[in-house]
Protein chains: 2
Amino acid sequence: MAPSSTPRTPDPLTTEVVELIGTVVVRYHEEYDEAAARHSLTGAQARVLALLAREPLPMRRIAERLKCEPSNVTGIVDRLAARRLVERRPDPDDRRVKLAAVTPEGRATAERLRESLHFAREPLGRLSPAERTTLRDLLRRMLGEGSGEGFGE
Amino acid sequence: MAPSSTPRTPDPLTTEVVELIGTVVVRYHEEYDEAAARHSLTGAQARVLALLAREPLPMRRIAERLKCEPSNVTGIVDRLAARRLVERRPDPDDRRVKLAAVTPEGRATAERLRESLHFAREPLGRLSPAERTTLRDLLRRMLGEGSGEGFGE
DNA sequence: TATTGTTATACTCTATAACTATA
DNA sequence: TATAGTTATAGAGTATAACAATA
């Protein structure tokens, strides 16, 4: 019967920030999937392609980056390979390992995909450089040190 | 042959902010799916449950919020209904419409799900209230006015 | 005729378990 | 024996097309 009810909602400020972040998450995903679809790729395929555009990776490493089981990567790479965007190469150091690597065409597709991601310019364009710097610093502090795990781009 | 190459990377500051946002997106989704899994729900099921915890919705409206085809909602609601978390009700105004609504048990599950979302507290806890206010204002400006489309929570 | 929800179908992503070829 | 990758299988989400009931 206390005047202030149960504290299931932390505080209005934190709640609003969390909701805003939720909106960012939804918009980011929508834009990413739309950009992928424009190249006839699923979200997972686009993410793997972007990953491999940086460096060839063993199947198992791809699974780790995607946080999924290795068996799933087989199919995703199969579908990318069927379109000649990716190929499997032997690893000279360990004959069990297969390295997935982008083909020249795959690299070009990954590049066009990256360029077609509007999210970078449109919403961020509303902020001045000083504001972007402030946002960067706040996000850095929020995410902590080892924040190297992006979306593949 | 100009010294500065093609402007495919907008500028380092914007690039870093986009990468940081990508990290936020990945972490948010991971935490959301983990929280859902703790309640034996998929991400889509959890999102629909959170949506319906606010108000009953026609199947078609759910599809709009999820940005998917209405035919998909049938299955998602079927699976929630099989667990008695959601039920279908007739719409008195239009007999074509079925309103999906949470049951009392569904409401309780949605509430526990919301409480178990760590993302609100942990990373945001590293920022002072003043910093959170700054972050809120920057996100507001970035997302524009009609930013009411969150993640269902 | 148009709309709401459903069914049927096919594809992709997902986890689990069993298999192979290496190590 | 342990590890890397694959296959087989089953469940879930997705889009498309066709359908029944209602407007």
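Worth knowing before you read on, the calculation uses all heavy atoms, side chains too, and leaves out hydrogens, waters and symmetry mates. Chain A is the first sequence line, chain B the second, and so forth, proteins listed ahead of strands; every chain is numbered from 1. Quick caveat, the model's predicted, so the values are computed rather than measured.
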Please confirm whether the backbone N or O of [Y] pairs with a side-chain atom of [X], one donor and one acceptor, at under 3.5 Å?
X	Y	result
A:Ser116	A:Ala35	no
B:Arg136	A:Val17	no
B:Arg141	A:Arg126	yes
A:Arg84	A:Thr103	no

Using whole Å, what does the distance between atom [atom2] of nucleotide [N] and atom [atom1] of [X] come to?
X	N	atom1	atom2	value
A:Ile62	D:dT6	CD1	C1'	14 Å
B:Asp78	C:dA8	CG	P	12 Å
B:Arg61	C:dG5	CZ	C1'	12 Å
B:Leu41	D:dG11	CG	C1'	15 Å
A:Arg47	C:dC13	CZ	P	13 Å
A:His29	D:dG13	NE2	C1'	13 Å
B:Asp33	D:dG11	CG	P	20 Å
B:Asp91	D:dT22	CG	C1'	12 Å

Partners passing side chain to side chain contact (heavy atoms under 4.5 Å, CB included) against A:Asp33 (at least two apart in sequence or in another chain) | A:His29

Residues which pass side chain to side chain contact (heavy atoms under 4.5 Å, CB included) with B:Arg83, listed by chain and number, not counting sequence neighbours | B:Ser40, B:Leu41, B:Gln45, B:Leu85

OP1 or OP2 of [N] sitting under 4.0 Å from any side-chain N/O of [X]?
X	N	result
B:Lys98	C:dT6	yes
A:Thr74	D:dT6	yes
B:Thr42	D:dG13	yes

Provide the closest heavy-atom pair for A:Lys67 versus B:Glu30 in the form atom of the first, atom of the second, distance.
-> CE-OE2, 2.9 Å

Mapping A:Gly75 and B:Arg60 to their closest nucleotides on DNA chain C, which lands nearer the 5' end?
-> B:Arg60

Can you give one letter per nucleotide of nucleotides 14-23 of chain C, going 5' to 3': B for a protein heavy atom under 4.0 Å from the base, S for sugar-phosphate only, - for none?
-> BBBB----BS

Please tell me which of the listed nucleotides, C:dT12, C:dG5, D:dG5, lies nearest to the side chain of A:Pro58?
-> D:dG5

